[in-house]
Amino acid sequence: MSDLSSQQSLLERIPLVRQELEADLSRVSDADSLEAFRLKHMVRKGTLQTLVDELRTVPKEDKPAVGKSLNELRTFAESAFEELQERHKKTVVHAQVDATLPARGQHAGSIHPITQTLDKIIDIFASMGFTVADGPEVEDDAHNFGKLNFAPDHPARDMQDTFFVDHPTRNDLLLRTHTSSVQVRVMESTQPPIRCIMPGKVYRNETVSTRALAEFFQVEGLYIDKGVSMADLKGTIMAFARKFYDADAQFRFRTSYFPFTEPSAEVDMSCFLCKGAGCRVCKFSGWLEICGCGMVHPQVLTNCGIDPDVYSGFAFGFGVERTLMMLTGIDDIRLLYQNDLRVLKQF
Ligand code: DAH
């Protein structure tokens, strides 16, 4: 009899529990109240599982009916719970993500304008058959000055211009002041024909200003073979400048002096911006100075183990930052080293 009554009471209690569940469900308004519902009804010791556990006490013949009723109750509770879970999960996500905010940008890096410029210079000379050579930044006096024909008392050797390197056993080490030192190394190690450019960092004891830096890049060029003349020098520099700056440029070669070239020249190109009329980039002169150059001095060839009676050649050199400033109209060289994204993004 007691079995019967307990069976009836379980069967009777099921609709009452369902009413209770429905009432509780209707009060669920957020993730917290849903969690309270779960803890009350859905866990191991919660309302539903307690009823299921009671099923064991129901007589065998009544189990199908009670079990069916319990299953319906459980299915109802689970699907109502899952639905609410879905709804309140979305509420939480909405609260964290404001879909109206602008998307976060992807901050991809880019190639520095100086590197871009060097790459472009190398590409153009490579298309004319020049290879790229490299040399040390800590040099000795012989490669930076001596073999390039600088007299022992030449002012460029002065402490004011050159950074000397403290060394326990040597007193002739310095930070190279120009890439012309690499010319010497290439000529010492290679017999002509030589046709290469030498890009690299150079160092000078200069006060940093809008026009000057204490370290900067140069590109050096060297072409040595039998019968190389000033005409080859002019043709090469003009071909480069027409590709790099301006296809319609005019040129003038002004005589100049460098200890390692004879004759020496500086090259001016008509301003690519104003075509010679005068503007801010060319400082209203109509001309831009693009490089120093000359025929390699016979004494320099001899110093480097090349016979000047058989071979001749030309060399040139220019600063990369100044080149970039001319191209872009940047009027403060320091902007190229401050890594200000507002500047870098423009390249
Ligand atoms: N070395 C020179 C400088 O630093 C630039 C230069 C001039 C290089 C004439 C050369 C050259 O090879 O022929 O100002």
Side-chain angles (χ1 to χ4, degrees), residues 114 118 121-122 125 130-192 194-208 211-224 233 256-266 289 291-306 308 311 313-323 333:
I114 293 176
L118 279 167
I121 293 167
I122 291 169
F125 279 109
F130 285 72
T131 56
V132 175
D134 203 3
E137 290 178 21
V138 177
E139 258 302 1
D140 53 40
D141 182 277
H143 287 90
N144 197 79
F145 294 126
K147 294 186 182 186
L148 286 166
N149 238 6
F150 282 81
D153 58 351
H154 192 284
R157 285 187 150 129
D158 201 293
M159 291 273 282
Q160 254 82 53
D161 295 289
T162 305
F163 289 114
F164 291 93
V165 175
D166 277 338
H167 190 276
T169 56
R170 292 180 62 168
N171 62 2
D172 65 335
L173 295 182
L174 45 85
L175 298 183
R176 68 181 179 198
T177 60
H178 53 182
T179 42
S180 305
S181 57
V182 191
Q183 279 191 35
V184 176
R185 293 198 171 268
V186 170
M187 287 190 280
E188 280 177 336
S189 61
T190 325
Q191 276 301 302
I194 294 169
R195 188 160 44 172
C196 65
I197 58 166
M198 295 143 273
K201 226 7 167 5
V202 302
Y203 302 85
R204 289 194 196 165
N205 194 0
E206 298 245 19
T207 306
V208 173
R211 300 274 307 154
L213 293 168
E215 51 183 289
F216 54 97
F217 282 92
Q218 283 191 334
V219 173
E220 191 83 8
L222 182 67
Y223 184 16
I224 314 270
L233 164 61
S256 183
Y257 173 78
F258 302 102
F260 41 91
T261 45
E262 180 57 36
S264 303
E266 275 167 290
E289 188 186 312
C291 71
C293 60
M295 300 306 292
V296 179
H297 197 294
Q299 185 60 52
V300 173
L301 293 176
T302 307
N303 293 345
C304 300
I306 293 174
Y311 294 108
F314 65 78
F316 57 87
F318 57 90
V320 175
E321 289 82 355
R322 295 254 172 102
T323 300
I333 199 166

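From a predicted model like this one, the values you see are computed outputs, not experimental measurements.
In this structure, the salt bridge (Lys or Arg N to Asp or Glu O under 4.0 Å) partners of Glu139, at least two apart in sequence or on a different chain, are Arg185. Contacts of Thr207 classified as side chain to side chain donor-acceptor pair (under 3.5 Å), with partners at least two apart in sequence or in another chain: none. Every residue two or more places apart in sequence or in another chain was checked for a side chain to side chain donor-acceptor pair (under 3.5 Å) with Tyr311, and none qualifies. For the side chain to side chain contact (heavy atoms under 4.5 Å, CB included) test, no residue two or more places apart in sequence or in another chain qualifies with Asp134. Scored by the side chain to side chain donor-acceptor pair (under 3.5 Å) test, Ser189 finds no partners at all (sequence neighbours excluded). Here Gln218 pairs with Thr179 under the side chain to side chain donor-acceptor pair (under 3.5 Å) rule; sequence neighbours left out. By the salt bridge (Lys or Arg N to Asp or Glu O under 4.0 Å) test, Glu206 is found to be paired with no residue, residues two or more places apart in sequence or in another chain being considered. Taking Thr323 as the reference, Phe244, Tyr245, Phe318 meet the side chain to side chain contact (heavy atoms under 4.5 Å, CB included) condition, with sequence neighbours excluded. Residues meeting the salt bridge (Lys or Arg N to Asp or Glu O under 4.0 Å) test with Glu262, sequence neighbours left out: none. Contacts of Thr302 classified as side chain to side chain contact (heavy atoms under 4.5 Å, CB included), with partners at least two apart in sequence or in another chain: Gln299, Pro308. Residues meeting the salt bridge (Lys or Arg N to Asp or Glu O under 4.0 Å) test with Glu321, sequence neighbours left out: none. Under the side chain to side chain contact (heavy atoms under 4.5 Å, CB included) criterion, Thr131 pairs with Cys196, not counting sequence neighbours.
Checked by atom type and distance alone, the side chain of Arg195 never pairs as donor or acceptor with a backbone atom of Tyr223 at under 3.5 Å. One N or O on the side chain of Ser264 and one on the backbone of Phe258 form a donor-acceptor pair closer than 3.5 Å. No donor-acceptor pair under 3.5 Å is formed between the side chain of Arg170 and the backbone N or O of Val165. Without hydrogens or angle criteria, Arg157 side chain to Phe150 main chain gives a donor-acceptor distance under 3.5 Å.
Salt bridge absent: Lys201 and Glu137 never bring a charged side-chain N and a carboxylate O closer than 4.0 Å. Salt-bridge annotation for Glu188 and Lys147: present, with a side-chain N of the basic residue lying under 4.0 Å from a carboxylate O of the acidic one.
Residue Phe260 holds its CZ atom at 14.0 Å from CE of Met295, rounded to the nearest 0.5 Å. Atom CG of residue Asn303 and atom CE of residue Met187 lie 8.5 Å apart, to the nearest 0.5 angstrom. For the atom pair Phe314 CZ and Cys293 SG, the distance stands at 9.0 Å (nearest 0.5 Å).
Across Asp161, Thr177, Leu175, a single residue satisfies side chain to side chain contact (heavy atoms under 4.5 Å, CB included) together with Tyr203, and that is Leu175.
Phe145 and His178 have tilted rings, their planes meeting at an angle from 30° to 60° on a 0 to 90° scale.
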